[in-house]
Amino acid sequence: MVTLRSFARAGVVAAAALCVNTPAMLAQQKCPATSGATMPLKYRGGPTVAAITPCDLMTRLYIYADDSLEGRDAGKPSAMRATAYIEGQIRALGLKPAGDNGSYFMNMPVTTLEIERSSTITAAGATFHPGADFTTNAVGADRAVTGDVIYGGVLGDTMNLLAPDQVAGKIVVVKPAVRVGGGAAGFAGRGAPVAGGRPNPLAGAAAILTVSPNLPQLAGRPTLNDTVQSEGRAAYAAAHPAPAGGRGGRGGRGGPGAAGGGFNLTITPSVAAALLGKPVDQAAKGDQGVAGVAINVKSLVVPAPTRSVVGIIPGTDAKLRNEYVLIGAHSDHIGMNNRPEEHDSIKAYNEVAKVEGADSRGTPPLTDAQWARINALKDSLRKIYPARLDSISNGADDDGSGSVSILEIAEAFAKGKIKPKRSLIFIWQTGEEKGLWGSQWFTNHPTVPRDSIVADLNLDMVGRGEATDITGRSKDSVELSGANNYLQLVGSRRLSTEYGDLAESVNKTEKVPFKFDYSMDANGHPQNIYCRSDHANYARYGIPVIFFTTGGHADYHQVTDEPQYIRYEHMARVDQLVFDIAVKVADLDHPVTRDQPKPDSPFASCQQ
C-alpha cells in the first residue's frame with residue numbers, strides 16, 4: 001500500500017487534537033474537522049487568543065502563506081503587503097513601535113537594476129522591445145552586441161554539441177533545458193562550466209537567447225546599499241588578506257548565487273522565428289539565421305521599497321527593562337516562478353528524488369521502482385485535490401512558520417499574565433533570502449543600543465520535522481530525519497555556554513520535552529547552517545544566539561511549501577518552548593554569560 005508520507009499526514013490531524021485543554025482554546029475558532037481527510041487548501045479561522053495554540057497558528061499561516069502574497073519576495077509589493085499585515089497585528093496588540101521615526105517599520109535602502117524600456121533587439125528591419133518581446137534578469141552594465149544568429153538546439157543538451165568556432169561571436173538561439181521533477185539541467189551561463197567541470201560550449205557566444213512563451217518579469221538584481229557593511233568589510237579585508245582558496249562571505253539560506261558572466265536574454269517564440277527565419281520547432285541545430293542582428297540593452301536603477309517590522313514589549317523591572325531579549329524571524333520568501341509547474345507532480349517527485357528540496361545535492365538516475373512510487377504518490381494526491389498549476393513559492397514553513405510563531409508569542413506576552421523583567425524586541429526581518437538583509441541592517445543600525453541586547457532567539461522553518469522529513473545531513477553526510485519530539489538547535493553554545501545549558505534546562509520542564517538535534521551545528525559542517533539565517537548577524541557582534549528550526553524537507557524552496565503541510569501542534573510546542581526560554585533569560589539577575597570568543601570583527605566572513 002502506498003503511503004502519502006508527509007503531505008497526507010499533514011492533513012489528518014484531528015480537530016480534537018488541535019483544540020483541547022483550556023477554555024481559552026475552546027473559545028476561539030473551530031479547527032477544521034479533518035478526521036479521515038486532508039487539511040484544506042484554503043482556510044479562514046476566527047479570532048486568536050492569548051494562549052499559544054495550533055488553531056491560532058493555522059489561522060495566521062493560512063493568511064500569511066496565501067497565494068495573494070505571491071511568495072513575499074523582498075523588494076516587491078507582495079513583501080510590503082506582508083509587512084503591512086504584521087504591522088497591523090502588533091499595533092493591535094499594543095507593542096511599542098521600534099522602527100524608524102516612531103513607526104513599526106525599519107526601511108532599508110534597496111534598489112533594483114532593471115532593463116530600460118528603450119532597450120531593443122533589431123533584426124532585418126524589425127525592432128523588438130523589452131516586456132512584450134524579450135527580457136533579462138541578468139541586468140548589469142549596459143550591453144550592446146552585433147552578430148549573426150545560429151540555432152543551438154536545447155540548452156544543456158550535450159549530444160552533438162556545436163563546435164566552439166561555430167558559436168564564437170554569434171547570437172545563439174536555444175530552447176530551454178528540459179525540466180524533470182522541478183529541476184533544470186543546463187549551462188549556468190556563458191563562460192561557466194557545465195557539470196563535471198567540462199568547458200561550456202557556448203562560452204564564446206556574443207549572446208544566448210532562450211526561447212520561452214512566458215517571459216520572466218522585468219526585474220533585475222535588488223541590492224541593499226549599506227555603507228556600514230560595505231566599508232566595514234573593505235577595511236577588514238584590507239587588514240586581513242584572504243588566503244588562496246578562502247571562502248566568501250555570508251549569504252542568505254537558499255539565496256541566489258552569482259550569475260554566470262554571459263549576456264543572456266529570454267525571447268518569445270515569435271522573436272525566435274524572426275531571428276531564425278523559421279519557427280524554432282522547425283530549426284535544426286546549426287541552422288544559420290539572420291545576419292547582423294543588433295542587441296542593445298540598457299539598465300536603470302530604481303528604488304525597491306523594503307522594510308522590516310520591529311516592536312517592543314517593555315520589561316517590568318526599572319533597571320533591567322533597558323536590556324533586551326530579541327525574538328526574530330524573517331518575513332520574506334523567494335516569490336514566484338516564471339513558469340507554472342504541476343503541483344502534485346513536483347510534490348511526488350521531490351518526495352522521492354529531491355528529499356531536501358532545493359538543498360538536495362544531485363539526483364542520480366531514478367530506478368523503475370522510484371518512478372512507480374512517484375506516479376503512485378501523484379495518483380494518490382489527485383484523489384484528494386484536483387490537478388493544479390502552481391507558480392508561487394508560498395513559503396509556509398520558510399519562514400511563514402517563524403513569522404506567525406513570533407506573532408503568536410508576542411500575543412501571549414501582550415495578553416497573558418507573564419510579564420518579564422527585561423524588555424522583549426520582536427523583529428520580522430525582510431530580505432533574509434537575499435543575504436540576511438534585515439538582520440544586517442538592524443544590527444548595523446540598531447534602534448536600541450546594540451550592547452543592550454543580551455540574547456537572540458531566531459525562528460526559521462519551525463513547522464515541519466516529522467519522521468518522514470529529511471531534515472538535513474550530518475557532517476559525514478548521513479541523512480537526518482525528524483520525529484514527534486524533533487527540534488534542531490544551532491549556535492546555542494557558540495558564544496555562551498550558559499545560554500545553551502539554559503535552553504536544555506527549560507526544555508526538561510516542558511510537558512513534552514524535545515530531543516534536540518545538534519548535528520547541523522557541528523564545526524566545519526559543509527552546509528554552514530550557522531551562517532545562513534538571521535541569527536548570524538547578531539552573533540557577529542557577540543550577541544549570544546539560538547537558532548530554532550525543525551530542519552529541511554522536500555518542500556524547501558519549492559512551490560509545494562504550503563500551509564496544508566504544516567504540523568501545527570508541533571509548531572505550537574516549539575513556540576511555547578521559545579516563550580519559556582525568553583522568560584527565563586529575561587528574568588535572570590544577570591545577562592547570560594558570554595564565555596566563548598566572539599568574531600574578531602563584525603565584518604569577518606562567517607564560517608561555522
Side-chain angles (χ1 to χ4, degrees), residues 1-15 18 31-44 58 61-62 65-71 176 178-185 213-214 333-334 336-358 360 363 365-398 400-401 463-464 466-470 481-482 552-568:
M1 178 178 178
V2 174
T3 302
L4 290 184
R5 293 181 64 169
S6 61
F7 38 93
R9 186 246 146 250
V12 296
V13 179
L18 285 174
C31 299
T34 56
S35 178
T38 60
M39 297 290 271
L41 297 180
K42 299 287 184 180
Y43 172 68
R44 183 173 181 177
M58 183 174 173
L61 191 56
Y62 269 84
D66 187 71
D67 284 353
S68 62
L69 287 180
E70 298 178 332
V178 177
R179 296 171 63 86
V180 180
N214 302 303
H333 193 52
I334 61 172
M336 300 176 63
N337 292 342
N338 295 318
R339 182 166 62 179
E341 302 169 314
E342 205 286 307
H343 182 101
D344 295 343
S345 297
I346 299 298
K347 184 72 173 169
Y349 180 89
N350 287 358
E351 195 72 13
V352 174
K354 293 179 64 176
V355 295
E356 295 178 78
S360 299
T363 302
L366 300 185
T367 65
D368 290 343
Q370 286 175 309
W371 279 116
R373 178 166 175 74
I374 289 168
N375 290 326
L377 292 171
K378 182 178 66 176
D379 292 344
S380 296
L381 282 173
R382 290 283 172 76
K383 294 178 182 178
I384 303 168
Y385 305 119
R388 55 195 170 115
L389 292 177
D390 197 348
S391 62
I392 300 173
S393 294
N394 300 82
D397 190 31
D398 185 17
S401 63
R464 296 287 291 267
E466 66 179 312
T468 51
D469 284 328
I470 303 304
S481 56
H553 46 75
D555 298 316
Y556 170 60
H557 277 206
Q558 306 294 304
V559 296
T560 51
D561 184 6
E562 296 192 338
Q564 68 265 30
Y565 307 129
I566 296 295
R567 303 174 66 200
Y568 292 96

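Please read all numbers here as calculations on a predicted model, not as lab measurements. The figures here come from the full heavy-atom set of this structure, side chains too, leaving out hydrogens, waters and symmetry mates.
Counting heavy atoms from C-beta outward, Asn394 and His333 have side chains that stay 4.5 Å or more apart. Side-chain contact between Lys383 and Asp379 is absent, with no heavy atoms from C-beta onward closer than 4.5 Å. When side chains are defined from C-beta on, Tyr349 does not count as touching Ile346, because their heavy atoms never get closer than 4.5 Å. Residues Ser345 and Arg382 form a side-chain contact, since some pair of their non-hydrogen atoms from C-beta on lies under 4.5 Å apart. No side-chain heavy atom of Tyr565 sits under 4.5 Å from any side-chain heavy atom of Met39. Within the 4.5 Å cutoff, no side-chain heavy atoms of Asp390 are placed close to those of Glu341. In this structure, Pro563 and Tyr568 have side chains that are in contact, with non-hydrogen atoms separated by less than 4.5 Å.
Taking CG from Asp344 and CD1 from Ile374, the interatomic distance works out to 13.5 Å, rounded to the nearest 0.5 Å. In this structure, the separation between OG on Ser401 and CG on Leu61 is 7.0 Å, given to the nearest 0.5 Å. Here CD of Glu356 is found 10.5 Å from OH of Tyr556. Values are rounded to the nearest 0.5 Å.
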Review point. Arg388 and Leu41: side chain to side chain contact (heavy atoms under 4.5 Å, CB included), yes or no, with the steps?
Key: CA-CA 11 Å; Arg388 55 195 170 115; Leu41 297 180; 3.6 Å; yes
Point to revise | CA sep, side-chain torsions, deciding dist, call: His553, Asp398, side chain to side chain contact (heavy atoms under 4.5 Å, CB included) | key: CA-CA 11 Å; His553 46 75; Asp398 185 17; over 6 Å; no
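Closest of all the heavy-atom pairs between Gln558 and Gly357 is NE2-C, 3.9 Å. When all heavy atoms of Glu351 and Val355 are compared, the closest pair comes out as O-CG1, 3.5 Å. What you find for Ile334 and Ser393 is that their closest heavy atoms are CG1-CB, 3.6 Å. The two residues Pro340 and Ser391 come nearest to each other via the heavy atoms CA-CB, 3.9 Å. Taking both residues in full, the closest heavy atoms of Asp469 and Gly552 are given as CB-O, 4.1 Å, listed atom of the first, atom of the second, then distance. Between Arg373 and Val352 the shortest heavy-atom distance is CG-CG2, 3.8 Å.
Asp561 contributes no side-chain N or O that, together with a main-chain N or O of His557, makes up a donor-acceptor pair within less than 3.5 Å.
Geometrically, Lys347 does not engage Tyr385 in a cation-pi contact defined by less than 6.0 Å to the ring centre and at most 45° from the axis.
Within a 6.0 Å sphere centred on NZ of Lys42, heavy atoms belonging to other residues, nucleotides or ligands number more than 12.
A salt bridge does not link Asp397 with Arg464: none of the charged nitrogens is closer than 4.0 Å to a carboxylate oxygen.
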